[in-house]
Asks: 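Take this structure first; my questions come after.
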Amino acid sequence: MTTNSEIHGGDVFAAARELDCSWKDILDYSANLNPLGPPPGLKKHLFQNFTLAENYPDPEALAWRSELAADHGLTPAEIVAGNGSTALMYLLARVLRPRRPVLAAPAFAEYEKALAQAGVRPEYEFCRPEDDFDLTQEVVERIFARRPDLVFLTNPTSPAGRLIEPEVLDLALRLAGRNGSTLALDEAFLDFTDAASMAASVREHPCLVVLRSLTKIYALPGLRLGYLTAGKELAGRLLESFEPWSVNSLALAAGSFCRGLNGYEDRTRKVIAGERRWLTRKIEESGLGRVIPGEANYLLVRLDAPGWTVETLSLALRKRGILIRNCASFQGILKGYLRLAVKGRAQNTRLVNALREVLSRPL
């Protein structure tokens, strides 16, 4: 059975037990978080507001939803908060109970798992490796030719990190509206790019649901905080079906603090852009393989090093306390691809040095 750590990466605790070291000594390139870490001042803010945990949280997170509504030019009735955006994917599948969902592959494994819990298996349309796994107009047309009732798309794509072209998104919206499909657009990594969110477009396009995550951009995977935007009718159905107190008080306090920051996201994007260029160059110089061009805070690499497989490379790096993501678990990814987070220069240098050491030695 495939484990969550194989699907998602990020299990530094298991690696630390295996290597008999502290989890803090593990360099995790399998999970894609902001290399700047949580925003300055957030830990102090949460400590000062820890007494919030002595009471039940806002049952429907109304105060935070009101803040988000102001940011997006929507009403709180068009926003649903969740314990991370993944929980909202499961909620959406559970409420809609689609009969013919279609995914553009490669795709985040949780879409399929959420649909399986709703009692249905998705169909797939595959993006081609020769197109660098771009979501093309041709793929979108094939998706909606299947007459789906629910479609999941990711922008930027995962694991390739490619932004969807605006005209392709427009086509998907037109076809979803014409077909009566729900189009769920996952923007978990969009804040690492310069592209604009579609979150405010749900009023113009009732077929659209936009999933947003604070986990990645603010480096808070342990707090779990996300939200979605949707038309009032669907958002109302989702709110009625969600368990009360689904978002804890400290996560909500973190959300309010983060939305008031100035410059943190801009600084993040500048760091990511520079480190992405540097790491891409060093990886290709190392002989590891070709980096697929993209814009997210991760790199998809086609392994070309003679004699190596992603499995043997993962094991060799794991012994050195470095975790990477094997992309074999992604539907539609051919074997031989790995994904690496983009981190800060010191961490990226450690990774590059380890790659050079590993690749210089015979298997």
Asks: Search all heavy atoms of Tyr124 against all heavy atoms of Ala105 and return the closest pair with its distance.
Replies: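 Here Tyr124 and Ala105 meet closest at CD2-CB, 3.7 Å.
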
Asks: Quick check on the 6.0 Å ring-centre criterion: do Tyr111 and Phe108 meet it?
Replies: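 Yes, they do, as the ring centres are separated by less than 6.0 Å.
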
Asks: Report yes or no: do Phe13 and Leu19 belong to one cluster of Ile/Leu/Val/Met/Phe/Trp/Tyr joined by side chain heavy-atom distances under 4.5 Å?
Replies: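 Phe13 and Leu19: one cluster.
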
Asks: Show the nearest heavy-atom pair for residues Ser249 and Leu52, with the distance to one decimal.
Replies: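 So the minimum-distance heavy-atom pair works out to OG-O, 3.6 Å.
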
Asks: Is the backbone of Phe192 close enough, under 3.5 Å, to the side chain of Asn297 for a donor and an acceptor to pair up by distance?
Replies: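 No; judged by distance alone, with no hydrogens or angles, the pair does not exist.
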
Asks: For the residue pair Tyr218 and Tyr264, does the interplanar ring angle fall in the parallel (under 30°), tilted (30 to 60°) or perpendicular (over 60°) class?
Replies: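 Ring orientation of Tyr218 relative to Tyr264: parallel.
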
Asks: Where the side chain of Asp131 meets the backbone of Thr136, is there a donor-acceptor pair that is under 3.5 Å apart?
Replies: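 Answer holds: no.
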
Asks: Before you tell me yes or no, could you show the steps for Leu92 and Leu238 under side-chain contact (heavy atoms from CB on, under 4.5 Å), namely the whole-Å CA-CA distance, both residues' side-chain angles and the distance that decides it to 0.1 Å?
Replies: CA-CA 7 Å; Leu92 188 64; Leu238 295 171; 4.2 Å; yes

Asks: Would you mind listing every side-chain hydrogen bond (donor to acceptor under 3.5 Å, both in side chains) that reaches into residues 87-102, with sequence neighbours excluded?
Replies: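 Listed by first then second residue: Tyr90-Glu110, Arg100-Glu123.
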
Asks: Mind checking whether Arg320 and Glu357 have side chains closer than 4.5 Å, heavy atoms only?
Replies: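 Side-chain contact under 4.5 Å: yes.
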
Asks: Is there a side-chain contact between Leu211 and Phe152 in this structure, where contact means two heavy atoms from C-beta onward sitting under 4.5 Å apart?
Replies: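 Sidechains of Phe152 and Leu211: in contact.
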
Asks: Hey, what do you get for CG (Leu46) to CG (Leu223), rounding to the nearest 0.5 Å?
Replies: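 Nearest 0.5 Å value for the CG-CG distance: 6.5 Å.
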
Asks: Which value, rounded to the nearest 0.5 Å, describes the distance between Glu141 atom CD and Arg146 atom CZ?
Replies: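 The CD atom of Glu141 sits 14.0 Å away from the CZ atom of Arg146.
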
Asks: For the OG1 atom of Thr268 and the CG atom of Asn34, what is their distance to the nearest 0.5 Å?
Replies: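 Going from the OG1 atom of Thr268 to the CG atom of Asn34 covers 3.5 Å.
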
Asks: Are the side chains of Ile26 and Leu323 in contact, using a 4.5 Å heavy-atom criterion?
Replies: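 Counting from C-beta outward, Leu323 and Ile26 do come under 4.5 Å.
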
Asks: Would you name the heavy atoms of Leu252 and Ala61 that are closest together and state the gap between them?
Replies: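 For Leu252 versus Ala61, the nearest heavy atoms are CD2-CB, 3.7 Å.
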
Asks: Is any NZ, NE, NH1 or NH2 atom of the basic residue among Asp71 and Arg212 found under 4.0 Å from an Asp or Glu carboxylate oxygen of the other?
Replies: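 Looking at Asp71 and Arg212, the cut-off is not met.
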
Asks: Between the side chain of Arg276 and the main-chain N/O of Ala296, is any donor-acceptor distance below 3.5 Å?
Replies: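 Checking the backbone N and O of Ala296 against the side chain of Arg276, a donor-acceptor pair under 3.5 Å is found.
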
Asks: Nearest 0.5 Å, please: how far is CG in Leu299 from CZ in Arg325?
Replies: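 With rounding to 0.5 Å, CZ (Arg325) is 14.5 Å from CG (Leu299).
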
Asks: For Asn179, does its backbone N or O pair with a side-chain atom of Arg147 as donor and acceptor, under 3.5 Å?
Replies: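 No, because the side chain of Arg147 does not come within donor-acceptor range (under 3.5 Å) of the backbone of Asn179.
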
Asks: Between CG of Leu239 and CG of Leu62, what distance do you get to the nearest 0.5 Å?
Replies: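 Rounded to the nearest 0.5 Å, the CG-CG separation comes to 9.5 Å.
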
Asks: Between atom SG of Cys327 and atom CG of Leu303, what is the distance when rounded to the nearest 0.5 Å?
Replies: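 Reported value, rounded in 0.5 Å steps: 11.0 Å.
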
Asks: With distance as the sole test, does Ser213 use its side chain to make a donor-acceptor pair with the main-chain N or O of Ser85 at under 3.5 Å?
Replies: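 No; zero donor-acceptor contacts below 3.5 Å.
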
Asks: So, for Leu220 and Ala254, which heavy atoms are closest and what is the spacing to 0.1 Å?
Replies: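 Nearest heavy atoms, Leu220 then Ala254: CD1-CB, 4.4 Å.
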
Asks: Kindly indicate whether the side chain of Arg121, heavy atoms from C-beta on, has any atom under 4.5 Å from the side chain of Pro101.
Replies: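 Heavy-atom side-chain distance check fails, nothing below 4.5 Å.
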
Asks: Hey, does the side chain of Glu78 reach the backbone of Val202 with a donor-acceptor pair shorter than 3.5 angstrom?
Replies: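 Absent.
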
Asks: Tell me if the CZ atom of Arg259 is crowded by more than 12 foreign heavy atoms within 6.0 Å.
Replies: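 Yes - once you tally the heavy atoms of other residues, nucleotides and ligands closer than 6.0 Å, there are more than 12.
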
Asks: Would you call Thr182 and Cys207 a side-chain contact if the rule is heavy atoms closer than 4.5 Å?
Replies: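 Heavy-atom side-chain distance check fails, nothing below 4.5 Å.
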
Asks: Would you indicate whether the side-chain heavy atoms of Leu234 and Leu96 approach each other to under 4.5 Å?
Replies: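 They are in contact (side-chain heavy atoms under 4.5 Å apart), so the answer is yes.
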
Asks: Under 3.5 Å, is there a donor-acceptor pair between the side chain of Asn248 and the main chain of Ala251?
Replies: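 Indeed, once roles are kept as given, a pair shorter than 3.5 Å links the two residues.
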
Asks: Verify whether one side chain among Asn348 and Glu275 offers a donor that lies under 3.5 Å from an acceptor in the other.
Replies: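 There is such a pair (donor and acceptor under 3.5 Å, judged by atom type) between the side chains of Asn348 and Glu275.
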
Asks: When you look at Val209 and Met198, which way does the side-chain contact (heavy atoms from CB on, under 4.5 Å) test go after all the steps?
Replies: CA-CA 9 Å; Val209 175; Met198 296 286 289; over 6 Å; no

Asks: List the steps and the verdict of salt bridge (Lys or Arg N to Asp or Glu O under 4.0 Å) for Asp132 and Arg290.
Replies: CA-CA 11 Å; Asp132 288 338; Arg290 175 179 179 259; 3.0 Å; yes

Asks: Nearest heavy-atom pair of Phe133 and Pro106: which atoms, and what distance?
Replies: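 That closest heavy-atom pairing would be CD2-CD, 3.7 Å.
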
Asks: Between Lys343 and Asp28, is there a salt bridge with N-O shorter than 4.0 Å?
Replies: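 Salt bridge absent between Asp28 and Lys343.
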
Asks: Report yes or no: do Leu33 and Leu36 belong to one cluster of Ile/Leu/Val/Met/Phe/Trp/Tyr joined by side chain heavy-atom distances under 4.5 Å?
Replies: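 Result: no, two separate clusters.
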
Asks: For the residue pair Asn83 and Ser246, confirm or rule out a side-chain donor-acceptor distance under 3.5 Å.
Replies: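 No pair is found: no donor N or O on one side chain lies under 3.5 Å from an acceptor on the other.
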
Asks: Tabulate below the donor-acceptor pairs under 3.5 Å that side-chain atoms of residues 165-178 make, not counting sequence neighbours, or state none.
Replies:
none

Asks: So, applying ring pair (Phe, Tyr, Trp, His ring centres under 6.0 Å) with Tyr298, which one of Tyr29, Phe189, Tyr337 is it?
Replies: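 Running ring pair (Phe, Tyr, Trp, His ring centres under 6.0 Å) over Tyr29, Phe189, Tyr337 with Tyr298 returns exactly one hit, Phe189.
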
Asks: Are Leu279 and Leu351 side-chain neighbours, meaning at least one heavy-atom pair lies under 4.5 Å?
Replies: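 Counting from C-beta outward, Leu279 and Leu351 do come under 4.5 Å.
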
Asks: Between the side chain of Thr157 and the main-chain N/O of Thr154, is any donor-acceptor distance below 3.5 Å?
Replies: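 Answer holds: no.
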
Asks: Does any N or O in the side chain of Thr193 come within less than 3.5 Å of the main-chain N or O of Leu190, such that one atom is a donor and the other an acceptor?
Replies: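 Yes: the side chain of Thr193 pairs with the backbone of Leu190.
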
Asks: Do you know the tightest heavy-atom contact between His45 and Ala253?
Replies: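 So the two residues come closest at NE2-O, 3.6 Å.
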
Asks: I would like to know whether Thr229 and Leu74 meet side-chain contact (heavy atoms from CB on, under 4.5 Å); could you show each step before the answer?
Replies: CA-CA 9 Å; Thr229 64; Leu74 299 171; 3.9 Å; yes

Asks: Between the main-chain N or O of Leu27 and the side-chain N or O of Gln347, is there a donor-acceptor pair closer than 3.5 Å?
Replies: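 Checked: no pair found.
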
Asks: Answer yes if Val139 and Leu163 sit in the same cluster of Ile, Leu, Val, Met, Phe, Trp and Tyr residues linked by side chain heavy atoms under 4.5 Å apart, and no otherwise.
Replies: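 No, separate clusters.
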
Asks: I want to know whether Tyr227 and His72 have ring centres closer than 6.0 Å.
Replies: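 Ring centres of His72 and Tyr227 closer than 6.0 Å.
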
Asks: For a 4.5 angstrom cut-off between non-hydrogen side-chain atoms, does Arg65 reach Glu60?
Replies: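 Side-chain contact under 4.5 Å: yes.
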
Asks: Yes or no on side-chain contact (heavy atoms from CB on, under 4.5 Å) for Asn32 and Val342, after CA distance, side-chain angles and deciding distance?
Replies: CA-CA 7 Å; Asn32 310 299; Val342 176; over 6 Å; no

